[in-house]
K.L.:
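There's a structure below that I have some questions on.
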Amino acid sequence: MPVFLGTYEPRLDEKGRLILPAKFRDELAEGLVITKGQERCLYVWPLPEFHRITEQLREAPLTSKSHRDYLRVFFAGASDEVPDKQGRVLVPPALRTYAGLGRDCVVIGAGARVEIWDAEAWRVYLAEQEDSFAELSEEVLS
C-alpha cells in the first residue's frame, strides 16, 4: 500500500476541481473515494484502501446503533471519482460545503489516505496541535 506524505497547497478551480499533488497521482490514477473526515476535512482513499476499510466496517454488527449511524454518514457522503489526465479531481459540492473549502486548500499526506483541508482551517488546526504533538508521540509510538 502507498504511504502518502507531505503538505501541498493547490487551489480549487471554478468547477470545484482540485489538482492532485504529482507525488500522489500514480496511486490515485485508477480511482479514489472522497469521504467526510473528522475535524471537517475530507479523506481521499485509493480504491484498494477504501475496499479494505469497507470490509472492516462490514464486520461490525448492524445491531449497534452507533455503527449504523457512522456507516450512514460515511457512505452517504462518499463520492467515487477518477482523476482526469491533468490530475484534477472533482470535489462534489456537498463535500466542499462540509469541509468549508474555499479556493485555497491544503492537501496533506496522512499515511494510507490523503486529506483535503480549507487552508485557513488547516493553519488553525496545526497551530492548535503543535503543543500536544510532542506529548502524543509517547502514546502514539509506544
K.L.:
Less than 4.0 angstrom from a charged side-chain N to a carboxylate O is my criterion; do Glu55 and Arg52 meet it?
P.N.:
no
K.L.:
For Phe4, enumerate each residue passing the ring-ring contact (aromatic ring centres under 6.0 Å, His included) test, keeping only those at least two apart in sequence or located in another chain.
P.N.:
Phe24
K.L.:
Hydrophobic cluster membership, with links at side-chain heavy-atom distances under 4.5 Å among I/L/V/M/F/W/Y: are Leu126 and Val106 in one?
P.N.:
yes
K.L.:
Under 4.5 Å between any side-chain heavy atoms of Arg25 and Ile19, yes or no?
P.N.:
yes
K.L.:
According to the interplanar angle, ranging from 0 to 90°, do the rings of Tyr70 and Phe74 count as parallel (below 30°), tilted (30 to 60°) or perpendicular (above 60°)?
P.N.:
parallel
K.L.:
Ignoring hydrogens, what is the shortest heavy-atom contact between Pro83 and Leu32? Give both atom names and the distance.
P.N.:
CG-CD2, 3.8 Å
K.L.:
Could you grab the distance from atom CD of Glu39 to atom CD of Gln129, nearest 0.5 Å is fine?
P.N.:
7.5 Å
K.L.:
With rounding to the nearest 0.5 angstrom, report the OG1 to CD distance, Thr54 to Glu49.
P.N.:
10.0 Å
K.L.:
Kindly work out whether a path of hydrophobic side-chain contacts (I/L/V/M/F/W/Y, heavy atoms less than 4.5 Å apart) joins Val33 to Val82.
P.N.:
no
K.L.:
Could you tell me the separation between the NZ atom of Lys23 and the CG atom of Leu5, rounded to the nearest 0.5 Å?
P.N.:
7.5 Å
K.L.:
Are more than 12 heavy atoms, taken from residues, nucleotides or ligands other than Asp13, located less than 6.0 Å from that residue's CG atom?
P.N.:
yes
K.L.:
How many angstroms lie between atom CD of Glu120 and atom CG of Asp104, to the nearest 0.5 angstrom?
P.N.:
10.0 Å
K.L.:
Kindly work out whether a path of hydrophobic side-chain contacts (I/L/V/M/F/W/Y, heavy atoms less than 4.5 Å apart) joins Phe75 to Leu62.
P.N.:
yes
K.L.:
Quick one: CD on Gln86 to CZ on Arg17, what's the gap to the nearest 0.5 Å?
P.N.:
8.0 Å
K.L.:
Do Leu20 and Val114 have side chains that get closer than 4.5 Å, going by heavy atoms?
P.N.:
no
K.L.:
Dump the intermediate steps for side-chain contact (heavy atoms from CB on, under 4.5 Å) on Glu115 and Trp117, then the final yes or no.
P.N.:
CA-CA 6 Å; Glu115 294 182 356; Trp117 290 76; 3.0 Å; yes
K.L.:
How close do Glu81 and Ile34 get, counting heavy atoms only, and between which atoms?
P.N.:
CG-CD1, 4.1 Å
K.L.:
Heavy atoms, side chains only, cut-off 4.5 Å: are Tyr8 and Ile108 in contact?
P.N.:
no
K.L.:
Would you call Pro48 and Met1 a side-chain contact if the rule is heavy atoms closer than 4.5 Å?
P.N.:
yes
K.L.:
Of Leu95, Leu18, Leu12, which is the lone residue that meets side-chain contact (heavy atoms from CB on, under 4.5 Å) with Ile116?
P.N.:
Leu18
K.L.:
Provide the closest heavy-atom pair for Pro46 versus Ala112 in the form atom of the first, atom of the second, distance.
P.N.:
CD-O, 3.6 Å
K.L.:
Write down the atom of Lys36, the atom of Tyr43, and the distance for their closest heavy-atom approach.
P.N.:
O-CD1, 4.2 Å
K.L.:
Kindly compute the distance separating CG (Leu71) from CZ (Arg58), expressed to the nearest 0.5 Å.
P.N.:
10.5 Å
K.L.:
So which atom in Thr35 and which in Ala78 form the shortest heavy-atom distance, rounded to 0.1 Å?
P.N.:
CG2-CB, 3.7 Å
K.L.:
Ignoring hydrogens and geometry, is there a side-chain-to-backbone donor-acceptor pair from Tyr98 to Cys41 under 3.5 Å?
P.N.:
no
K.L.:
Work out which heavy atom in Asp118 is nearest to a heavy atom in Leu101; give both atom names and the distance.
P.N.:
N-CD2, 3.3 Å
K.L.:
Check whether more than 12 heavy atoms from other residues, nucleotides or ligands sit under 6.0 Å from atom CG of Leu90, and answer yes or no.
P.N.:
yes
